[in-house]
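Presented below is the structure to which this report refers.
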Amino acid sequence: MEQAAGCPAVGGSYPQKNAEILSSQYGINLFLAGLLLTFAWAVHAVGISKSHLLSYLITLMLIQLLWMLWYLCRSCTQRRLIRDKDTHAGARWLKCGITLFAVITLILDSFKIGYYIDFSNCLSPTEGIFPVTHAVHTILQVYFLWCHAKDVIQSFKTLERFGVIHSVFTNLLLWTNGVLTESKHQLNEHKERLITLGFGNITVVLDDHAPQCNCTTTTLCSIFSQGIYYLYPFNIEYHILASTMLYVLWKNIGRKVEHHQQNKTPFKFHGITVGMIFGLIVLTSTIAIVVVYLIQIGGSKIKSELALTMFYLHAIFVLALMCTAGIVALLIYRLEDRSLDNSKNPARKLDAELLVGTAAGSWLLSWGSILAIICAQGHPKYTWYNLPYSVLVIIEKYIQNLFIIESIHREQEKANDDIKTLRIVTISRGSTLSLTPLYKEIYNGRAARDSSDVPCLFKGSICGRENDGAGVAKEEMSQDNSLVIHSASDFSFYSRNSVTNNKRRILKNIAAFLFLCNLSLWIPPAFGCRPEYDNGLEEIVFGFEPWIIVVNLAMPFSIFYRMHSAASLFEVNCKT
């Protein structure tokens with residue numbers, strides 16, 4: 001009888017589990033087809049042109065637009081219904097971040113439209129339709145994420161699984177397309193720089209997809225063509241953030257949510273001045289280094305070597321500071337005794353997996369550089385700085401991942417349960433003895449004591465009680481000054497709270513400093529400052545084509561890691 005009663009419940013879960021498996025397989029096949037189409041265009045496969053790739057992406061975006069419109073209309077008709085929400089998903093700061101990237105992506109689309117108009121005589125119509133469709137897709141998707149990123153879908157679950165997973169992999173394909181286009185541009189510049197550095201044995205063949213016609217307005221064409229590649233890093237970050245938010249939405253479909261009040265954790269600048277100052281110094285110096293690097297690299301052999309040396313020395317110093325800050329934070333955690341939150345949380349689980357997964361891209365490049373330094377027969381002077389740089393990249397990400405993952409899994413302090421209201425005994429002329437709550441103090445999770453716990457006055461025979469001792473009270477009314485008495489244990493509360501606040505302040509400053517450092521380290525590779533390309537030593541050891549393939553595969557993950565780490569550290573700062 002027990003098995004019979006349990007069968008419907010178990011059997012009832014099979015359709016939903018099958019829907020999850022089928023939708024995920026649909027998304028993977030959708031992505032693989034687009035990935036092969038992208039690769040075929042990149043290698044100039046016979047019969048495959050850019051218009052085929054853009055037509056495929058346009059079709060995917062139109063399907064997603066139809067699904068989002070259907071979902072928004074259905075939500076509007078059911079807006080009076082109470083819906084489950086995942087309070088951990090779609091944080092406001094994350095929505096603001098994706099909105100900023102979306103605005104810059106719209107500027108990129110406008111540049112592409114202008115570029116198409118100037119070269120309209122020899123470009124396919126799909127190159128004009130694509131940016132228009134992408135702009136509409138961006139606007140509607142950002143609105144959708146602002147309104148529904150926290151939804152826990154409980155109706156039309158099978159259909160919604162396919163709709164959401166389609167959106168996830170559509171954004172991943174748009175991310176892949178952006179990464180490939182930006183990488184091809186960087187590769188062309190890299191090949192030209194190698195000649196300057198003296199690597200003449202490497203065959204330089206530019207991979208050019210430029211239009212085979214003249215521009216109608218030369219000045220505007222130059223602005224559009226150059227501006228597009230400076231805006232691509234923001235477009236790339238926009239699509240990867242959108243895909244992660246949509247993936248959390250997909251994981252939440254049909255999930256049973258525990259209804260509990262989540263403490264709001266607003267960001268405050270108070271108490272993080274030191275971390276912000278040092279972080280801003282790193283950010284400013286990094287921007288200066290990138291500007292000088294891009295100006296000097298490729299100018300001459302001496303200038304290129306100086307640019308590489310300057311980059312490595314600056315990066316070594318910053319990474320050493322980040323390692324030190326991370327170790328200090330972990331030591332503070334070891335001194336604290338706080339339990340971890342092991343409740344089911346798809347957003348938090350995805351954050352941890354992305355940190356470790358995307359860090360593997362940098363680790364791959366670092367180990368490649370270390371192996372090249374060990375195996376190379378000749379070593380230009382600037383290449384030796386690459387060794388400590390690569391080692392520190394590995395160590396820093398190892399320490400930082402440990403700090404972030406532990407931080408997002410630590411339970412927050414429950415101030416409401418840990419507050420003790422201390423009672424102050426005040427005796428004043430012409431009044432009875434009163435107990436005045438003056439302040440709150442954290443003390444062993446207990447509420448305020450009753451009035452019987454108030455210590456006696458140090459007059460010896462005088463003890464503060466409200467219900468008797470009228471003669472004693474009259475005797476003390478003759479005093480002119482009020483007396484405020486604290487028990488000896490109260491001062492231990494002050495000390496304990498002071499130590500806790502100091503630890504918390506240090507952790508907030510470390511999180512703020514690492515946040516700005518990760519933003520700083522995101523800037524160089526995102527805007528073309530890539531010593532993995534320009535060093536030249538790895539190409540000699542591994543071969544030009546194999547090493548370029550490794551860099552083009554690993555670099556996007558390395559760039560995303562820095563932005564994702566910055567977002568996670570912002571959350572850590574808010575929670576600390």
Side-chain angles (χ1 to χ4, degrees), residues 186-187 189-202 282 285-324 326-327 359-400 517 520-525 527-552 554-555 558-559 561-562:
Q186 293 291 339
L187 182 58
E189 292 186 348
H190 165 59
K191 289 177 178 178
E192 295 172 349
R193 291 171 185 170
L194 287 177
I195 299 177
T196 305
L197 284 171
F199 296 97
N201 57 337
I202 296 175
V282 172
S285 62
T286 302
I287 293 173
I289 292 292
V290 170
V291 172
V292 175
Y293 183 96
L294 294 176
I295 293 173
Q296 296 293 326
I297 198 75
S300 66
K301 185 175 181 180
I302 296 176
K303 289 182 178 179
S304 296
E305 290 181 356
L306 288 175
L308 287 166
T309 302
M310 175 188 63
F311 173 86
Y312 283 131
L313 290 175
H314 176 265
I316 289 169
F317 179 72
V318 173
L319 290 169
L321 288 178
M322 294 175 71
C323 288
T324 305
I327 291 172
S362 293
W363 289 337
L364 178 63
L365 294 176
S366 296
W367 282 114
S369 296
I370 293 171
L371 189 61
I373 294 170
I374 295 172
C375 298
Q377 296 179 352
H379 297 85
K381 184 179 179 180
Y382 65 89
T383 59
W384 285 110
Y385 297 110
N386 194 9
L387 181 60
Y389 166 74
S390 300
V391 172
L392 282 172
V393 166
I394 296 171
I395 297 174
E396 185 273 328
K397 290 190 175 180
Y398 189 92
I399 295 172
Q400 182 172 269
C517 284
S520 301
L521 295 179
W522 173 79
I523 293 173
F527 291 93
C529 182
R530 301 178 180 182
E532 294 85 0
Y533 276 142
D534 302 321
N535 188 29
L537 191 65
E538 292 86 350
E539 283 94 336
I540 293 176
V541 174
F542 297 103
F544 181 76
E545 293 296 337
W547 178 249
I548 290 304
I549 291 173
V550 170
V551 173
N552 284 338
M555 187 60 70
S558 178
I559 294 173
Y561 172 84
R562 289 301 174 188

Original post:
What's the shortest heavy-atom distance between Thr383 and Ile373, and which atoms?
Top reply: O-CD1, 3.7 Å
Original post:
Passes side chain to side chain donor-acceptor pair (under 3.5 Å), Glu538 versus Ser369? Steps please.
Top reply: CA-CA 6 Å; Glu538 292 86 350; Ser369 296; 2.8 Å; yes
Original post:
Is Ile395 close to Leu319 at the side-chain level, that is, under 4.5 Å between some pair of heavy atoms?
Top reply: no
**OP:** For residues Leu392 and Ala320, report the shortest heavy-atom separation together with the two atoms involved.
**Re:** CD1-N, 4.4 Å
Subject >> Contact summary for Leu537 and Ala372, nearest pair of heavy atoms >> reply: CD2-O, 4.1 Å
**OP:** Would you confirm whether Ser390, through its side chain, and Asn386, through its main-chain N or O, come within 3.5 Å as a donor-acceptor pair?
**Re:** yes
Subject >> Side chains of Ile394 and Tyr398 in contact at under 4.5 Å (non-hydrogen atoms) >> reply: no
Subject >> Salt bridge Arg562-Glu396, side-chain N to carboxylate O under 4.0 Å >> reply: yes
Original post:
Do Met322 and Leu521 come within less than 4.5 Å of each other through their side chains, counting heavy atoms only?
Top reply: yes
Original post:
Are any of the side-chain heavy atoms of Val541 and Leu371 separated by less than 4.5 Å?
Top reply: no
Original post:
Going by the angle between their ring planes, with limits at 30° and 60°, are Phe542 and Trp547 parallel, tilted or perpendicular?
Top reply: parallel
Subject >> Close side-chain approach of Tyr293 and His314, heavy atoms under 4.5 Å >> reply: no
Original post:
Could you give the distance from SG (Cys323) to CD (Gln400), rounded to the nearest 0.5 Å?
Top reply: 9.0 Å
Original post:
Are any non-hydrogen side-chain atoms of Arg530 and Ile559 less than 4.5 angstrom apart?
Top reply: yes
**OP:** Check whether any side-chain heavy atom of Val292 lies under 4.5 Å from a side-chain heavy atom of Met310, and answer yes or no.
**Re:** yes
**OP:** For the residue pair Val290 and Phe311, establish whether any side-chain heavy-atom pair is separated by less than 4.5 Å.
**Re:** no
**OP:** To the nearest 0.5 angstrom, please state how far the NZ atom of Lys303 sits from the CG atom of Leu308.
**Re:** 14.5 Å
Original post:
What are the two closest non-hydrogen atoms of Cys529 and Leu294, and how far apart are they?
Top reply: N-CD2, 4.2 Å
**OP:** Applying side-chain contact (heavy atoms from CB on, under 4.5 Å) between Leu387 and each of Ile370, Ile374, Ile316, report the one that passes.
**Re:** Ile370
